[in-house]
Amino acid sequence: MTLKNIKLYYFDAQGRAELTRIILAAAGVKYEDIRYTFQTWPAEKSKMPFGQLPVISVDGKMFGQSLAIATFVAKEAGFYPKNNLDGLKVDQVVQLGVDFQTAAVKAFFEKDEAKKSVYEKELKEVEVPKYLDIFEKLLKESGTGYFVGTTLTLADFCIYDLVAMMIGRGVLSTSKHPLVDGLVKKIESNPNVKTYLANRKKTDF
């Protein structure tokens, strides 16, 4: 495992870096969590590979793109299958998570109040039920309590991060999706993750 001398750069928020933070926490990896405010960020932007966040530094070399970062960390920490077909299954779930996140972000960050109201209604009444049903179906097909195999993978962390965030925002409930609810509880009961969540800084997003 090469998860040494790690620095993670992001805003002072959960956002697109939180998935990686949770995986690092589960793996018990120590790293430097560097956070920028919207005031300090402009002076640092040009130092980042693509002028955006999150960024991970591995032994002094910087890399960008949130899912690339999370996938690398998951692989190095043993939370990604060695078998390519199982890897495809994991990536499939992660991509579904990206689609779900896209729908949520549109509703959360729309500035036009009229459009925001429409997007929020669509999110709660269409997108949330659709994706929770999909995740429940995939977990049922797996039959193990995990999306792929019998241990935690990137897929589980990815959907947990999204679902927990939306629960926190009051957007969804897992009460009608027992397998998704079970996955959430499984991850939150992981000793390392439980400690991380108990000490996690509360932020606006």
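Linking Ile, Leu, Val, Met, Phe, Trp and Tyr whenever their side-chain heavy atoms come within less than 4.5 Å puts V98 and M165 in one cluster. Under the 4.5 Å side-chain heavy-atom criterion for ILVMFWY residues, a single connected hydrophobic cluster contains both F38 and I34. Under the 4.5 Å side-chain heavy-atom criterion for ILVMFWY residues, no single connected hydrophobic cluster contains both L85 and V90. Clustering ILVMFWY residues whenever any of their side-chain heavy atoms sit less than 4.5 angstrom apart, transitively, puts M62 in the very cluster that holds F11. L96 and L88 sit in two unconnected hydrophobic clusters of ILVMFWY residues. Membership requires side-chain heavy atoms under 4.5 Å apart, directly or through other members.
For residues 110-124, the pairs satisfying side chain to side chain donor-acceptor pair (under 3.5 Å) are K121-E125, with sequence neighbours left out.
The two residues V148 and S142 have their closest heavy-atom pair at N-OG, 4.4 Å. In terms of heavy atoms, G15 sits closest to Y10 at CA-OH, 3.6 Å. Taking all atoms of both residues into account, the shortest heavy-atom contact from T195 to N199 is O-ND2, 2.8 Å. Across all non-hydrogen atoms, the minimal contact from A103 to E127 is CB-CG, 3.8 Å. Closest approach of V163 to V184, counting heavy atoms only: CG1-CG2, 4.0 Å. Scanning both residues, P129 and L123, for their nearest heavy atoms gives CD-O, 4.2 Å.
Annotation: the span from L24 atom CG to N192 atom CG amounts to 11.0 Å, rounded to 0.5 Å. I187 contributes atom CD1, which lies 9.5 Å from atom CG of D161 (distance to the nearest 0.5 angstrom). The CZ atom of R200 lies 5.0 Å from the CG atom of L197; values are rounded to the nearest 0.5 Å. Atoms NZ and NZ, from K30 and K4 in turn, are 13.0 Å apart once rounded to the nearest 0.5 Å. Here CG of L67 is found 7.5 Å from CG of L154. Values are rounded to the nearest 0.5 Å. A distance of 9.5 Å separates SG in C158 from CD in Q95, rounded to the nearest 0.5 Å.
The side-chain heavy atoms of Y146 and T153, taken from C-beta on, include no pair separated by under 4.5 Å. Proximity of L179 to L183: side-chain heavy atoms (C-beta onward) are nowhere separated by under 4.5 Å. Considering only heavy atoms from C-beta on, P54 stays 4.5 Å or farther from T20 through its side chain. Put simply, the side chain of R169 reaches to within 4.5 Å of the side chain of F205, judged on heavy atoms. Counting only heavy atoms from C-beta outward, the side chains of D181 and H177 never approach each other to under 4.5 Å. In this structure, Y9 and K47 have side chains that are not in contact, with every pair of non-hydrogen atoms separated by 4.5 Å or more. Within the 4.5 Å cutoff, the side chain of V58 has no heavy atoms near those of the N5 side chain. The shortest side-chain heavy-atom distance between P49 and V55 falls under the 4.5 Å cut-off.
Around CG of N83, the count of heavy atoms belonging to other residues, nucleotides or ligands within 6.0 Å exceeds 12.
With hydrogens and angles disregarded, no donor-acceptor distance shorter than 3.5 Å links the side chain of Y131 to the backbone of G97. For the pair D156 (side chain) and F147 (backbone), a donor-acceptor distance under 3.5 Å is present.
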Legend entry - Intermediate values then yes/no, side-chain contact (heavy atoms from CB on, under 4.5 Å), W41 and M48: CA-CA 10 Å; W41 165 239; M48 300 299 144; 3.6 Å; yes

Inset, instruction - Starting from the C-alpha separation in whole Å, work towards a yes-or-no answer on side-chain contact (heavy atoms from CB on, under 4.5 Å) for E76 and V73. - result: CA-CA 5 Å; E76 291 296 307; V73 170; 5.9 Å; no

Inset, instruction - Evaluate the criterion side-chain contact (heavy atoms from CB on, under 4.5 Å) for residue pair N190 and L152; output intermediate values, then yes/no. - result: CA-CA 10 Å; N190 175 281; L152 287 168; 4.3 Å; yes

Inset, instruction - Decide side-chain contact (heavy atoms from CB on, under 4.5 Å) for I23 and F72; before the verdict, give the C-alpha distance in whole Å, the side-chain angles of both, and the deciding distance to 0.1 Å. - result: CA-CA 10 Å; I23 296 170; F72 164 74; over 6 Å; no

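Between F100 and F135, the ring planes lie tilted relative to each other; the angle falls in the 30° to 60° range.
Looking at T40, T203, D12 one by one, the single match for side-chain hydrogen bond (donor to acceptor under 3.5 Å, both in side chains) with R35 turns out to be D12.
By the 4.0 Å N-to-carboxylate-O rule, D133 lies too far from K137 to be salt-bridged with it.
With sequence neighbours excluded, the residues satisfying side chain to side chain donor-acceptor pair (under 3.5 Å) with Y160 are E188.
Side-chain atoms of R21 and Q14 form no donor-acceptor pair, as typed in the model, at a separation below 3.5 Å.
If you look at F79 and F157, their ring centroids are closer than 6.0 Å.
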